[in-house]
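Atoms within each ligand, like the ligands themselves, are counted from 1 in listed order. Keep in mind it's a predicted model, so treat the numbers as computed, not measured. Below, all heavy atoms of this structure are taken into account, side chains as well, without hydrogens, waters or symmetry copies.
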Amino acid sequence: MSYRPEKRIYLCLAHMSGKEQGYINEAFDTNWVVPLGPNVNAFEESLREYVGCGEVVALSSGTASLHLALKCLGIGPGDEVIVQSFTFCASSNPVIYLGATPVFVDSEEDTWNMDPVLLEEAIKDRKMKTGKYPKAIIPVALYGMPPKMNEIMAIAEKYEIPVVEDAAEAMGSKYDGKQVGTFGEYGVLSFNGNKMITTSGGGALICPDVKIKQRVMFYATQAREAFPYYQHTEIGYNYRMSNICAGIGRGQMTVLDDHVAHHRKVQELYEELLQGVKGVNVHKQPEGGLFDSNYWLVSITLDPKIKVKGQYEVADKAHLPGEPNVNVEALRLYLDRANVESRSAWKPMHMQPVNAQYPVYVNGVSEMLFKRGLCLPAGPYVTADDVRYIVENIKEAIS
Ligand SMILES: *Cc1c(COP(=O)(O)O)cnc(C)c1O
């Protein structure tokens, strides 16, 4: 292999359009250096146009957005909320912030997202065991892949349970022609540094109408009532997006489509180059035209039987039930030495020590994916040569 990248190849680095600085300067020049202002309003408007329905509130993070969605649904102590287990902790932590109980539901093999069959079983079983239905369902579009929203929404409607979509990784992904995050009552976006677009840190809540938007903003600004002095009858939060961050967001909106197109092209190239490599499977969207993933991160699974160079060195520490398979960890280290960042698939929430006490409905899929899965670089700075270089290294490592 003759090509060697000059710099380390990361999973997904922030990439600026060049317009961000102009909006930030405008905020400075007009002294809108506060958590509200013209950039916030304009960013919200352009997000609303992009998602194509409902209203959007810009907030300080994706986690805060999820927290306020659950708050507006009235969730609190004694309530249960169904959460996809195969995800990042930010999907379930807000349930716990509110004193409610997360109920973890496993994934299906094709999308890696919430299994609709298991979801319905869990709903019925919770009703039987507690006498109440769960108060919300949180499916996650993991690595950008849409969950089976038609099936999930049908179940949610049957039992009249509101859906909060965690679309933090899925900005630009569509399902059945519609933006992911616009199927449920609420949809959550994240603009953290490594997501599809960034505001350095930030998030947004897609909500159904202006009235609910105002409710979200009320909770996001310390639940201040309409009095000339500070009057509070409820507990709120300080979750509004800064006008500086929103300036970055306005600039980022001009490159969002390019980012999405880039991630899809990178996915296609990995699929092509890894085709026929024994024991390595690229995670792809199901066929049939419903799915249109943004492919935020490209993810692969390794057959447990394939041997990766150096795997005996990691065998000692990586053979335990709560660890990825040895060949996955060995490949991660091999790539790391080649100056390529890769990352194990999310460790399911039901396997996290901190969540040990919560109810779970599992089928083994997320645990299997955690043990076999590895995420590969796909961000705006990853070139076609980089992808070829990464694939060459994977082939070398397993030869
Ligand atoms: C990033 C992420 C979040 C949280 O977003 P922040 O903006 O980092 O708070 C939530 N859910 C998933 C699945 C994520 O990847």
Exercise for the section: Run the numbers for me: atoms of ligand 1, each under 4.0 Å from some heavy atom of Val140, listed by number. Expected result: 13 (C)

Handout entry: Within-shell test, Gly202 vs ligand 1, heavy atom, strictly < 4.0 Å
Key = yes

Practice task
Answer yes or no: is there a donor N or O on one side and an acceptor on the other, between the side chain of Asn355 and the main chain of His350, under 3.5 Å?
Solution key: no

Practice task
May I ask you to decide if Val210's main-chain N or O and Glu55's side chain share a donor-acceptor pair within less than 3.5 Å?
Solution key: no

Handout entry: Nitrogen or oxygen of Ser190 less than 3.5 angstrom from that of ligand 1
Key = yes

Practice task
Mark up the atoms of ligand 1 that fall under 4.0 Å of a heavy atom belonging to Ser61, in ascending order.
Solution key: 7 (O), 9 (O)

Exercise for the section: Output the list of atoms in ligand 1 that are nearer than 4.0 Å to some heavy atom of Ala90, sorted by atom number. Expected result: 3 (C), 4 (C), 10 (C)

Problem - Residue pair Arg388 / Val391, side-chain heavy-atom distance below 4.5 Å - result: no

Exercise for the section: Answer with yes or no after comparing the ring centroid distance for Tyr10 and Tyr381 against a 6.0 Å cut-off, counting only values under it. Expected result: no

Practice task
With heavy atoms of Ser91 as the reference, note each atom of ligand 1 found under 4.0 Å away.
Solution key: 11 (N), 13 (C)

Problem - Sole residue of Asn39, Leu47, Asn41, Val40 in side-chain contact (heavy atoms from CB on, under 4.5 Å) with Phe43 - result: Leu47

Handout entry: Among Ile394, Asn393, Ile398, the one residue meeting side-chain contact (heavy atoms from CB on, under 4.5 Å) with Glu396
Key = Asn393

Practice task
Classify the ring geometry between Trp112 and His283 as parallel (under 30°), tilted (30 to 60°) or perpendicular (over 60°).
Solution key: parallel

Problem - Pair His67 + Tyr237: ring centers closer than 6.0 Å - result: yes

Practice task
For Thr63, counting its heavy atoms only, list the atoms of ligand 1 lying under 4.0 Å from any of them.
Solution key: 4 (C), 5 (O), 6 (P), 9 (O)

Exercise for the section: May I ask you to identify, for Ala168, whether its side chain, its backbone, both or neither come under 4.0 Å of ligand 1 on a heavy-atom basis? Expected result: side chain

Problem - Polar proximity ligand 1 side, Phe191 side, N/O cut 3.5 Å exclusive - result: no

Handout entry: Polar proximity ligand 1 side, Glu169 side, N/O cut 3.5 Å exclusive
Key = yes

Handout entry: Within-cut-off N or O pair, Trp296 and ligand 1, under 3.5 Å
Key = no

Exercise for the section: Give the ring-plane orientation class for Tyr143 versus Trp346, where under 30° counts as parallel, over 60° as perpendicular and anything between as tilted. Expected result: parallel

Practice task
Ignoring hydrogens, just give me the one of Ile138, Asp166, Val188 whose non-hydrogen atom is nearest atom 11 (N) of ligand 1.
Solution key: Asp166

Exercise for the section: Would you check if Tyr175 and Phe183 make a side-chain contact, meaning some heavy-atom pair closer than 4.5 Å? Expected result: yes

Handout entry: Options Gln84, His67, Lys195, ranked by nearest heavy atom to atom 1 (C) of ligand 1, top entry
Key = Lys195

Exercise for the section: Look at atom 8 (O) of ligand 1 and say which protein heavy atom is nearest, naming residue and atom and giving the distance to 0.1 Å. Expected result: Asn192 ND2, 2.8 Å

Exercise for the section: Considering the heavy atoms of Thr87, write down every atom of ligand 1 situated less than 4.0 Å from one of them. Expected result: 13 (C)

